[in-house]
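Just so it is clear, the structure is predicted and the values come from calculations on it, not from any experiment. Letters A, B, ... mirror the listed sequences (proteins, then strands); counts begin at 1.
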Amino acid sequence: DGEEHKGGDKDREAEITNKLCFGTFYNGLTDCVNHLLCKLSCFCGAVLISQKPRKEEAEHPVTTKKKSKEEIEAAKALKIKKREEEEQQRWRWWEEDKYEDGIKWKFLEHRGPFFPPEYQHLPDNVNFYYNGKVVKLGLAAEEVALFFAQMLDHEYTTKDVFRNNFFKDWRKEMTLEERVLISDLNKCDFRELHTMHKEKVEARKVMSKEEKLVMKGTNQKIVEEYGFCILDHHRERIGNFKIEPPGLFRGRGEHPKQGMLKKRIQPEDVIINCSCIPEPPAGHHWKEVRHDNTVTWLASWTENVQGSCKYVMLNPSSKLKGEKDWEKYEVARRLKSCVNGIRQQYQQDIKSKQMETRQRAVALYFIDKLALRAGNEKEEGETADTVGCCSLRVEHITLHDLLEDKDCVVEFDFLGKDCIRYYNKVPVTKRVFKNLKLFMKNKEPGDDLFDRLNTCLLNKHLSSLLPGLTAKVFRTFNASITLQEQLQQLTLLLTDNPAEKLLSYNRANRAVAVLCNHQRVPPKTFDQSMANLQSKIDGRREQLALAKSELKLAKKEVKAHSSDSKLQAVVERKKKAVQRCEEQLMKMEVQATNREENKQIALGTSKLNYLDPRISVAWCKNMEVPLDKIYNKSQRDKFAWAVDMTGADFIF
DNA sequence: GGCTCGACTTAGTAAACAGGCA
DNA sequence: TGCCTGTTTACTAAGTCGAGCC
C-alpha cells in the first residue's frame with residue numbers, strides 16, 4: 001500500500017534528520033568521504049563502460065553476413081543476459097532512505113556542459129547576394145545569415161514577425177559597413193547558402209557505413225565524457241548536457257519574439273553547480289561555481305530572447321527525477337481518497353455569496369471535470385496569446401441554453417499551451433451555467449472570465465484542503481484514474497489475443513490523451529501509409545480466400561482417397577496456412593484501427609507525464625502482457641522504480 | 001498582497017535510427 | 001542491399017508553482 005509506504009518513509013526521514021543534525025562540520029566531513037568513494041566508483045564505472053558495447057550495439061550487433069537461426073537465438077539470449085546485467089547494476093534508490101527535506105544530493109561531480117563548435121566561414125564558392133551582387137559578410141553576420149538560410153523551406157521565414165525580428169537582430173551582428181549596405185531583407189538572396197545546407201544534410205544521409213560508424217564513435221566519446229555525472233556514489237545519465245547552439249528563436253504559434261537571434265552561450269555565461277570544479281574549455285572561465293545541494297541542476301545560463309534560465313539536469317531515469325515522479329503520483333493518490341469531499345465542497349461554494357468563492361468553485365469544476373491547466377497570468381506581448389482555466393476570457397466560451405438536444409452547454413474555444421486549440425462542447429450543471437452568465441455580464445470579449453481569481457489564490461485554497469494539492473494534481477489524478485477505469489472496462493471480456501490486448505491498452509491511453517487534449521499534427525505521409533496498409537490487408541484477404549479454397553480442395557481429395565497419408569499431410573499444411581493467414585489479417589486490421597484512431601492524438605505525453613506507471617505494470621502482470629509491449633527502453637528506465645515495486649494487485 | 005524570478009515539469013516537433021520488405 | 005516507414009531520441013519551448021522581495 002503506497003499510503004503506508006509513504007508513512008514509513010516519513011518515519012525513516014525523521015530518523016535520518018536526527019542522525020544528520022551534526023551541522024556543517026559533519027557535512028563537510030561526509031563530503032570528503034563521499035568524494036573519495038565517488039572517485040573510486042567513477043573509476044569502476046569507467047572500466048565497466050569501456051567493456052560494455054553501447055546500448056544499440058548490444059541490441060543490434062553490426063553484421064555483414066546473413067545470420068543463421070542459431071546466431072539469431074544467440075543474439076536474443078545475449079540481449080536478455082545484458083538486460084539482466086543492467087538490471088542488477090541499477091541503483092535501487094527507492095529502497096534507500098530519503099534525505100532530509102530540501103537536500104537533493106551530498107556529492108555531485110560532472111564534466112560541465114558540452115559546447116557546440118565555433119562557427120567556420122563559408123567556402124569561397126558559396127555566396128550571399130544583396131540586390132543581385134555578391135557580398136562577403138563578416139563572420140558574425142554570415143553565421144546569422146546561415147541560420148535564416150537553413151530555414152528557407154520552413155513556414156517561419158514567410159511570416160512577417162519572424163522576418164522582422166530576424167532582420168533587426170541580424171543587423172545588430174553586422175559591421176557598420178554591412179549595416180549601411182543591407183537595409184532590405186527582400187533584397188537578400190540566401191539561396192546558395194540554403195543549397196549548401198541541403199547538400200550537407202543530403203551528404204550526411206548517404207554516408208557510407210564506415211563513415212557513419214566513425215561519426216557514431218565520436219558522438220559516443222562525447223556522451224561518455226559529458227553525458228554522465230556522479231551523484232552520491234552512483235553514475236547517473238545527464239538529460240541535456242549540450243549547450244543549446246545559437247540559432248533563430250522558434251516560438252510557437254503567433255509568438256511576438258519568433259525569429260529573434262538566440263545568441264551563442266560561452267563558458268563565461270554558465271554557472272556550474274557541483275562538489276568539485278570541472279575544467280572550463282581552454283582559454284575560458286565559468287561565470288560562477290556553486291555548491292548548492294538544495295537544487296537538482298548541474299549547470300545553468302540565462303538565454304537572451306526571453307531572459308529566462310536554462311538548466312542542465314539529469315535524465316528521467318535518474319534518482320532525482322524518479323523520486324519526484326513517484327511523489328507526484330502519491331499526491332494524486334492522496335487526492336483520490338478525498339476527492340469526493342472536495343467535489344462536494346466546490347458544489348456548495350458555487351452557491352456562495354462571495355463572488356471570489358463562486359469563481360474559484362466554477363474554475364475548480366472545470367479543472368476537475370475537463371482536466372484544464374491552471375492558467376497562470378502572462379505578460380502581454382512577451383509570448384503567444386494562450387490561456388488556461390484561470391486566465392480564460394469571455395471570448396473563449398459561448399453559452400448555449402440548448403445545443404444538440406442538451407441543456408446548459410458551454411462551448412470552449414481557446415488556444416492552450418503550445419498554441420494547441422482546445423475545442424469542446426460540454427453540458428454543465430444549471431448552477432454552473434447560471435454563474436457563468438453572471439461572470440460574463442457587462443464584460444467585453446477580451447475581459448477575464450474569472451476576474452476575482454488567479455492561480456495563486458486557487459492553489460492556496462487547494463493546499464488548505466490537502467497539503468501538496470495544486471491545480472495540476474487534478475490533471476494527474478484524473479488521467480491516472482481514467483486509465484485504470486478504462487483498462488478495467490476494455491479488458492473485461494477480452495480473449496487472449498495479444499494484439500487485442502494491446503489495442504485495448506492503447507484505447508485506454510487514448511481516452512486519457514483526449515481528456516488532456518494531447519494533439520499532434522498528423523504525419524505528412526499518413527494518408528499514403530494508411531492506403532498502403534489497406535492494400536496489404538486487401539492482399540492478405542485474397543490470400544486467405546485462396547488458402548481456404550485450397551484447403552477445401554485438399555479435403556475433397558482426402559475424401560476420395562482416404563488411405564493416402566500424403567494427402568492427409570497436405571490437408572494439415574493447408575489448415576496451418578489458413579490459420580497463419582487469419583492471424584496475420586487480424587493483426588493488420590488491429591494495426592489499421594489503432595493507427596487511424598491515433599491520427600491526431602499523441603499518446604506519449606500522457607504516458608510519460610500523467611499515467612501512474614504502476615497501473616500499467618499491474619495491468620501487464622494481470623494480462624500476461626510483456627512490459628516491453630507498452631514501454632520502450634527509455635520508458636522502462638524512467639519507470640524502473642514502478643516496475644520493481646508493483647505487483648498485480650496494485651490499485652491507484 | 002502583488003510581483004518577480006528561479007526551479008522544475010510538461011509539451012510538440014524534428015532528426016536519427018531500426019527494422020521490414022521487395 | 002537499399003528503400004520506406006514507423007519508432008525512438010533529442011531538442012527546446014512553454015507551462016506550473018513556490019519563495020522571497022518590496
Side-chain angles (χ1 to χ4, degrees), chain A residues 55-56 59-60 62 64 66 102 104 151 154 201 204-206 209 212 215-216 219 223 227 239-245 247 249-253 255 257-258 262 271 273 292 294-297 300 302-303 305-311 313-316 320-321 324-325 328 373-379 382-384 386-391 415-420 454-460 462-463 468-473 475-476 479 513 516-521 523-526 528-530 532-533 536 591 594-595 598 602-610 631-635:
Chain A
K55 181 188 85 189
E56 296 86 351
E59 290 183 6
H60 312 283
V62 183
T64 44
K66 204 168 182 181
K104 306 287 175 22
M151 291 178 73
H154 205 287
V201 172
R204 216 177 304 145
K205 274 185 198 160
V206 297
K209 226 176 204 174
K212 278 184 184 167
M215 214 169 118
K216 210 171 168 180
N219 287 334
V223 172
N240 56 327
F241 59 88
K242 287 181 180 167
I243 293 281
E244 293 172 20
F249 178 68
R250 298 178 173 215
R252 301 194 180 129
H255 200 295
K257 294 191 172 180
Q258 60 179 283
K262 224 174 80 165
I271 303 173
N273 190 30
D292 181 357
T294 65
V295 295
T296 64
W297 54 267
S300 75
T302 306
E303 58 92 39
V305 176
Q306 322 214 66
S308 62
C309 284
K310 297 264 184 173
Y311 300 95
M313 286 190 184
L314 293 184
N315 184 272
L320 289 181
K321 294 287 181 190
K324 204 75 190 293
D325 215 28
K328 173 180 79 182
R373 294 188 187 86
N376 281 324
E377 285 149 290
K378 297 167 77 185
E379 212 172 321
E382 291 293 299
T383 56
T386 61
V387 296
C389 186
C390 292
S391 52
L415 294 182
K417 182 177 178 179
D418 292 313
C419 287
I420 299 294
N454 59 38
T455 52
C456 191
L457 287 171
L458 177 66
N459 282 337
K460 266 186 189 155
L462 290 175
S463 67
L469 184 61
T470 63
K472 88 185 181 83
V473 178
R475 233 166 119 81
T476 312
C516 295
N517 200 37
H518 291 143
Q519 297 186 24
R520 64 164 189 166
V521 176
K524 280 175 201 148
T525 53
F526 185 84
Q528 186 54 51
S529 83
M530 279 311 280
N532 290 351
L533 186 56
K536 267 189 193 171
Q591 195 185 357
N594 192 40
R595 210 185 283 174
N598 268 351
L603 300 187
T605 310
S606 50
K607 198 186 253 187
L608 277 176
N609 302 300
Y610 289 104
Y631 286 147
N632 64 34
K633 173 85 172 78
S634 44
Q635 289 163 343

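Put simply, A:Thr455 has no side-chain N or O that comes within less than 4.0 Å of OP1 or OP2 on C:dC17. Listed pair A:His518 / B:dA11 meets the phosphate criterion, a side-chain N or O lying under 4.0 Å from OP1 or OP2. Residue A:Ser308 places no side-chain N or O under 4.0 Å from the OP1 or OP2 atom of B:dG6. At B:dC8, one or more side-chain N or O atoms of A:Thr296 fall inside 4.0 Å of OP1 or OP2 (strictly under the cut-off).
Distances were taken from every side-chain heavy atom of A:Tyr610 (C-beta onward) to each of C:dA14, B:dC8, B:dT10; the shortest belongs to B:dT10. Which of C:dA13, C:dG18, C:dG15 sits closest to the side chain of A:Asn459 comes down to C:dG18.
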Detail all sub-3.5 Å separations between protein N/O atoms and N/O atoms belonging to nucleotides 3-7 of chain C.
from  : atom 1 : to       : atom 2 : distance (Å)
C:dT5 : OP1    : A:Asn532 : ND2    : 2.9
C:dG6 : OP1    : A:Ser529 : OG     : 2.9
C:dG6 : OP1    : A:Arg595 : NH1    : 2.7

For nucleotides 19-22 of chain C, list the nitrogen or oxygen atoms of the protein found under 3.5 Å from its nitrogen or oxygen atoms, one pair per line.
none

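Within the 4.0 angstrom heavy-atom criterion, only backbone atoms of the sugar-phosphate kind lie near A:Lys472; the bases stay farther away.
Ring pair A:Trp297/A:Tyr311 is tilted by interplanar angle, where 30° to 60° counts as tilted.
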Can you give the dot-bracket line for DNA chain B, where a pair is Watson-Crick or G-U wobble with both atom distances under 3.5 Å, crossing pairs use [ ], and | marks a partner on another strand?
||||||||||||||||||||||

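Counting atom types as modelled, A:Lys417 pairs a side-chain N or O with a base atom of B:dT10 as donor and acceptor under 3.5 Å.
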